[in-house]
Amino acid sequence: MTAPPSLFARGSARIGGAAVFGALDLHVEAGRWTCLLGASGVGKSTLLRWLAGTADAVTFEGEAGADDGRPLQGRVALMAQTDLLMPWLSILENVLLGQRLRGLAADRAQARDILSRVGLAGFEARKPGALSGGQRQRVALARTLMEDRPVVLLDEPFSALDVATRARMQDLAARALHGRTVLHVTHDPAEAARLGCRIMILSRDRLDEVAAPASPPPRPPDGEDVLAATGRLTRLLLEAA
Ligand SMILES: Nc1ncnc2c1ncn2[C@@H]1O[C@H](COP(=O)(O)OP(=O)(O)OP(=O)(O)O)[C@@H](O)[C@H]1O
């Protein structure tokens with residue numbers, strides 16, 4: 001894996017003439033996990049899509065990319081809010097899709113291993129339509145991990161999971177993506193408190209950084225610092241609403 005770069009996004013976004021966000025100035029540290037919270041509709045997914053280069057319908061004024069000056073294309077994996085699984089492919093083939101599209105040899109053993117780590121051993125031959133929402137989300141996570149990119153953008157990656165599975169997947173992702181540049185959109189203050197080295201809140205006219213717990217992620221969900229940060233974030237989100 002090449003060295004993970006830091007990221008920046010400076011500017012504003014409009015969709016069909018309506019402002020999404022204005023005068024944003026975001027810096028994402030290299031090799032660390034940054035969580036981004038904020039009210040529904042404030043533009044978090046739009047921001048991820050700007051960085052990933054996949055926001056067709058959006059007009060951006062400004063610049064977004066990597067601070068090392070090289071294009072992000074080919075170095076970034078985006079796990080979108082919808083799972084984007086191909087319904088006609090098996091789960092295993094969905095996880096291998098990125099390698100196939102790039103003309104690489106499909107590493108079936110690695111795909112099976114990742115599927116087993118997300119708790120889906122035995123599901124490889126099924127089609128996405130035969131899975132629950134939470135299972136589909138874990139396939140999308142497996143596909144994202146399989147991409148093995150230095151920059152990873154996660155859009156509410158654990159939102160469909162039950163509490164225990166969510167905690168396990170948070171631990172798995174934190175370990176698998178350790179040392180990469182991660183920007184993770186979430187609505188869950190407890191999740192940000194467990195995982196974020198840095199935590200930010202996006203609102204209509206500003207981006208605020210909130211102190212993250214000092215202990216290394218993934219932090220225990222009942223750690224004192226995690227509980228205090230969860231409370232602090234919840235209060236700030238209530239005040240921002
Ligand atoms: N294709 C589109 N056409 C028109 N408006 C859009 C389109 N996509 C997004 N928007 C609008 O852009 C704004 C930002 O959307 P975005 O999905 O980035 O928000 P978000 O903060 O990620 O929200 P959520 O937390 O609900 O996922 C919203 O007001 C949304 O209605």
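We number each residue from 1, following the sequence as shown.
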So do the side chains of L237 and P189 get within less than 4.5 Å of each other, counting heavy atoms only? yes

Do you reckon L177 sits in the same ILVMFWY cluster as V95, going by side-chain contacts under 4.5 Å, direct or chained? yes

Matching residue for D148 among R75, R143, R180 - test: salt bridge (Lys or Arg N to Asp or Glu O under 4.0 Å): R180

Identify the heavy atoms of F158 and A173 that sit nearest to each other, and give their distance. CZ-CB, 3.9 Å

Supply the atom-to-atom distance L161 CG to Q135 CD, rounded to the nearest 0.5 angstrom. 10.0 Å

Where the side chain of R126 meets the backbone of I91, is there a donor-acceptor pair that is under 3.5 Å apart? no

On a heavy-atom basis, the closest approach of A214 and D225 is N-OD2, 4.5 Å

Distance col, row L154:CG vs M79:CE, nearest 0.5 angstrom, shows 7.0 Å

Donor-acceptor pair, distance only, cut-off 3.5 Å: does the side chain of E124 make one with the backbone of R112? no

C35 backbone acceptor or donor facing R198 side chain under 3.5 Å: no

Minimum side-chain heavy-atom gap V185-L47 below 4.5 Å: no

Given the rule in the side-chain contact (heavy atoms from CB on, under 4.5 Å) test, do R194 and D171 qualify, once you have shown the distances and angles that lead to the verdict? CA-CA 9 Å; R194 285 203 74 203; D171 289 340; 2.7 Å; yes

Can you tell whether the side chains of K44 and E156 come within less than 4.0 Å, N to carboxylate O? no

Can you confirm whether S6 sits close enough to E29 that some side-chain heavy atom of one is under 4.5 Å from a side-chain heavy atom of the other? no

Do F123 and L96 land in one hydrophobic cluster if side-chain heavy atoms of ILVMFWY residues count as linked below 4.5 Å? yes

Would a 4.5 Å heavy-atom cut-off, applied to side chains only, mark L37 and L236 as touching? no

Please check if L145 and L89 belong to a single hydrophobic cluster, counting links between Ile, Leu, Val, Met, Phe, Trp and Tyr side chain heavy atoms closer than 4.5 Å. no

Could you give me the CA-CA distance, side-chain angles and deciding distance for E224 and R219, then say whether salt bridge (charged side-chain N to carboxylate O under 4.0 Å, His left out) is met? CA-CA 10 Å; E224 264 181 43; R219 307 175 183 104; over 6 Å; no

Nearest heavy-atom approach of C197 to A212 is O-CB, 3.4 Å

Hey, is R166 close enough to D188 for a salt bridge, meaning N to O under 4.0 Å? yes

List the steps and the verdict of side-chain contact (heavy atoms from CB on, under 4.5 Å) for L36 and H184. CA-CA 6 Å; L36 180 66; H184 167 199; over 6 Å; no

Beyond-backbone contact of I15 with T59, side-chain heavy atoms, under 4.5 angstrom: no

Would you say V42 ends up clustered with M200 if hydrophobic residues are merged whenever their side chains have heavy atoms under 4.5 Å apart, either directly or through other cluster members? yes

May I ask you to check whether T165 and D162 show a side-chain donor-acceptor distance below 3.5 Å? yes

Ring-plane angle category for F60 and W50, please: parallel below 30°, perpendicular beyond 60°, tilted otherwise. parallel

With salt bridge (charged side-chain N to carboxylate O under 4.0 Å, His left out) as the criterion, how do E93 and R108 come out once you've worked through the C-alpha distance, each side chain's angles and the decisive distance to 0.1 Å? CA-CA 9 Å; E93 289 302 324; R108 302 174 81 83; 3.1 Å; yes

Between L141 and M169, is there a side-chain heavy-atom distance shorter than 4.5 Å? yes

Within the distance-only criterion (no hydrogens, no angle test), does the side chain of N94 pair as donor or acceptor with the backbone N or O of S90 below 3.5 angstrom? yes

Within the distance-only criterion (no hydrogens, no angle test), does the side chain of R14 pair as donor or acceptor with the backbone N or O of A18 below 3.5 angstrom? no

Tell me whether E239 at atom CD has more than 12 heavy atoms from other residues, nucleotides or ligands lying less than 6.0 Å away. yes

How long is the gap from CG on L115 to CE on M146, to the nearest 0.5 Å? 9.0 Å

Walk me through whether L172 and V118 qualify under side-chain contact (heavy atoms from CB on, under 4.5 Å). CA-CA 8 Å; L172 169 73; V118 300; 3.6 Å; yes

Does this structure show an ion pair linking E61 with R10, if we count only N-O contacts that are shorter than 4.0 Å? no

Does a side chain donor of either T186 or E191 reach within less than 3.5 Å of an acceptor in the other side chain? yes

Check the hydrophobic clustering (I, L, V, M, F, W, Y; side-chain heavy atoms under 4.5 Å; chains of links allowed) and say if L207 and V182 are grouped together. no

Taking the side chain as everything from C-beta on, heavy atoms only, tell me whether V139 gets closer than 4.5 Å to L131. yes

Step-by-step side-chain contact (heavy atoms from CB on, under 4.5 Å) determination, V151 to L51: CA-CA 10 Å; V151 177; L51 284 161; over 6 Å; no

Interatomic distance, W33 atom CH2 to I199 atom CD1 [nearest 0.5 angstrom]: 12.0 Å

Heavy-atom closest contact (D155 atom, S45 atom, distance): OD2-OG, 2.6 Å

Roughly how far apart are L92 CG and L97 CG, rounded to 0.5 Å? 11.5 Å

Check G41 against R204 and note the closest heavy-atom contact, atom names and distance. O-NH2, 3.7 Å

At what distance, to the nearest 0.5 angstrom, does CG of L24 lie from OG1 of T46? 11.0 Å

Any sub-3.5 Å donor-acceptor pair from Q137's side-chain atoms to P157's backbone N or O? yes

So, for P213 and A193, which heavy atoms are closest and what is the spacing to 0.1 Å? CG-O, 3.6 Å

Check whether any side-chain N or O of T181 sits under 3.5 Å from a backbone N or O of G31 as a donor-acceptor pair, and report yes or no. yes

Check whether any side-chain heavy atom of L7 sits under 4.5 Å from a side-chain heavy atom of D67, and report yes or no. no

